[in-house]
Protein chains: 2
Amino acid sequence: MKPPRPTPRTITKRPATMAEVAARAGVSAMTVSRALKSDGAVSEETRRKILAAVDELGYVLDLSAGALSSKRTGFVAVLVPSINNSNFSDTARGITEIIESQGLQMLLGYTDYDMEKEEQLVQAMLTRRPDGIIVTDGRHTPKARRMLQSAGIPVVETWDLPADPIDHVVGFSNAEASRALVHRLYQKGYRNIGFIGGASRRDTRGADRRLGYTRAVEELGLPAGRTISFGNPPISMEQGGQAIVHLIQQWPDVDAAVCVSDLSAFGAIMECHRRGWAVPGRIAIAGFGDFEVSRWAWPRITTVAVDCRNIGLEAGRILLGALDDIQNERPPNPATLIVPFEVIEREST
Amino acid sequence: MKPPRPTPRTITKRPATMAEVAARAGVSAMTVSRALKSDGAVSEETRRKILAAVDELGYVLDLSAGALSSKRTGFVAVLVPSINNSNFSDTARGITEIIESQGLQMLLGYTDYDMEKEEQLVQAMLTRRPDGIIVTDGRHTPKARRMLQSAGIPVVETWDLPADPIDHVVGFSNAEASRALVHRLYQKGYRNIGFIGGASRRDTRGADRRLGYTRAVEELGLPAGRTISFGNPPISMEQGGQAIVHLIQQWPDVDAAVCVSDLSAFGAIMECHRRGWAVPGRIAIAGFGDFEVSRWAWPRITTVAVDCRNIGLEAGRILLGALDDIQNERPPNPATLIVPFEVIEREST
DNA sequence: ATCGCTTACGATATCGATAACAATCGGGCG
DNA sequence: CGCCCGATTGTTATCGATATCGTAAGCGAT
């Protein structure tokens, strides 16, 4: 009895290799390799033959293999708290813009605002032997810190000013920014200022913003401790709406609220609309981050703006510089770049 | 004269190799490899010794090297139009959730709603020899299509229902969804419905939504052609605001507007607020995508909801299934999964 | 003609892991 | 007691590219 008809197997057309291209072009693999790098010294004619062979075979270079011999993977690991947050995705985009000009590829990971998760991700990323790594945080678990330090690659910490930098830094002080915002509200005449933020200490930037708020009200001699902690980061619009109600119920005399992000500020403002509380008449509301929604909401939302894309651009540039230093065996030269922030006053305060 | 103090060179502590771990643990490299995979058959005692050695040397597995011999890189390439769009970042997140359970890594790329850029990205991604690829589109340049087909790996097209699928599909008909929305507006009594979208044909999903609108107004015998095209995708809140003004000036009798996305709908509504045009009294406004802002804006925005994260989850699952089929030498089994959409009526219409 | 130098290319030895197969050891069983 | 078997571990040969060094040819200067 014959066996059943053989199942039609996938024609897993194994991708062509460089050797096959070489054979077809009548040259050695090494010459193909050179032809496919821009810097290779190859005569015009052989290059033509090689490119023709590449085209005929539909060959695409295998960088996984190349990475092994050249010891440069062309990866840049990037860790962000969340990709749904447009601030961070702007930064990621800035990084991409810079590094892709050098043929580098971003390896993106989400920490979910969690240092433990960050630690796992650092380990997972190092497994791919990236040429450099950019993290969105100045605080790490001891183990994560150790791994970053001993990885032997440039590290850039962004969005923060770490007390004890690992290597390079591109950031700003979230506390100072928040403090400046409170001062501005004070100048405008507000005297009972509350703060709305997340309940978790995982979000270190959020914690810093709260710290800046606390310092400012102390400095100014304003009533302190008027803070509402609500939910895990990222604080949503919904949570902003709930928090503002709590804030006003608990301290009916508050005349202004600083929110940990524009999203919660927006939620708060919309909840006030719904309840007929005028903004800023009954209560002024400010956010953080200058998200698109703050520029187009009505009232437009007072906020602290940071050029997120620029943070990415600068982090990318610094990383490229560091890679260049390594390439040319120059000594390492850790840099700290402080990017500016700006308090933008709009109709919500 | 002595030369200047030698510059302190980087201690580029070359990362430890598996062989070094093996030597330290007194076993062969192969045994280390087995110990570090979960499935490896290794006695408890040797595993202990090996893990100790790993710890002492701070060893992390080099997957680049592993990929070369095992012929599986553990990468899944994912192409999205934009990462700043929370719909797509939700999908990306869903994909990550599924694939990271299998130890796979996402390689993310942005096409900027541009098929040419997509083509370049496909090529760049294939260079990394991913085990599978997920794209957010049903239309591609001929070359991109050819590369995807001949890559010999599972392909999943999402967010669309391609007429001629390459392999697997997880999507829905943007045209149908848009059509359903217009019908719903009709039921509510609106008879002069306009459409606000991007000027570029690059955004194929946007074009499909416009198509659905056009079909619907034809079916219903409503005045047609009341569409405003404005700016390149992604259409921003600002552009939505500008477009609604044009729409109303051009056709003063419009009583409802369908926007290509919630973001432009939000911008339009806020512009109406500013001008004192009641929404939905003067004009009803609907969006697409069920973004967070639509749920918390006031009025809340009528929209078409799709479970974006779920698209990612399902795409991930289908991809894993396909990889499993390959592993077990089962025949390929291209699947098309149509995910539901839902018109959600809120106060803006 | 010789030398020196540049340009274009090939041969070989890796890079660091894993696949595939071989080897060893102990124990169960006829 | 001999044989077979499963569990554990080692050996060897890759995977597909690139680094490095070597070689041959071409060419101008002396």
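Every value quoted in this text rests on a predicted model; they were computed, and no experiment measured them. Throughout, a chain's letter reflects where its sequence line sits, starting with A, and its residues are numbered from 1.
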Is [X] reaching over with its side chain to a backbone N or O of [Y], donor-acceptor style, under 3.5 angstrom?
{"X": "B:Thr127", "Y": "A:Asp62", "answer": "no"}
{"X": "B:Arg128", "Y": "B:Ala77", "answer": "no"}
{"X": "A:Thr91", "Y": "A:Gly312", "answer": "no"}
{"X": "A:Thr141", "Y": "A:Met115", "answer": "no"}
{"X": "A:Glu20", "Y": "A:Thr17", "answer": "yes"}
{"X": "A:Glu118", "Y": "A:His140", "answer": "no"}

Study note, to complete from the structure: The residue, B:Gly26 or A:Leu63, whose nearest nucleotide of DNA chain D is more 5′ is B:Gly26
Review point. Which ones in residues 43-55 of chain A lie close to DNA chain C, meaning a heavy atom under 4.0 Å from one of its atoms?
Key: A:Ser43, A:Thr46
Exercise for review: Flag the pair A:Leu36 / A:Leu51 as yes when at least one side-chain heavy-atom distance between them is below 4.5 Å, and no otherwise.
Suggested key: yes
Review point. Does the side chain of B:Met106 reach to within under 4.5 Å of the side chain of A:Tyr110, using non-hydrogen atoms?
Key: yes
Check your understanding: What is the distance, rounded to the nearest whole Å, between atom CZ of B:Arg128 and atom C1' of D:dA17?
Key -> 13 Å
Practice item. Go along nucleotides 11-16 of chain D 5' to 3' and tag each nucleotide: B for a protein heavy atom under 4.0 Å from its base, S when only backbone or sugar atoms are that close, - otherwise. Key: B---BB
Check your understanding: Where do B:Lys117 and B:Arg202 land on the side chain to side chain contact (heavy atoms under 4.5 Å, CB included) test, with the steps shown first?
Key -> CA-CA 11 Å; B:Lys117 184 93 191 286; B:Arg202 297 194 321 193; over 6 Å; no
Revision key, fill the gap. The side-chain contact (heavy atoms from CB on, under 4.5 Å) partner of B:Leu104 among B:Ile95, B:Ile98, B:Thr96, B:Asp131 is B:Asp131
Check your understanding: What is the bend of the helix from C:dA1-D:dT30 to C:dG30-D:dC1 when you compare the axis at one end with the axis at the other, using five pairs each and rounding to 10°?
Key -> 50°
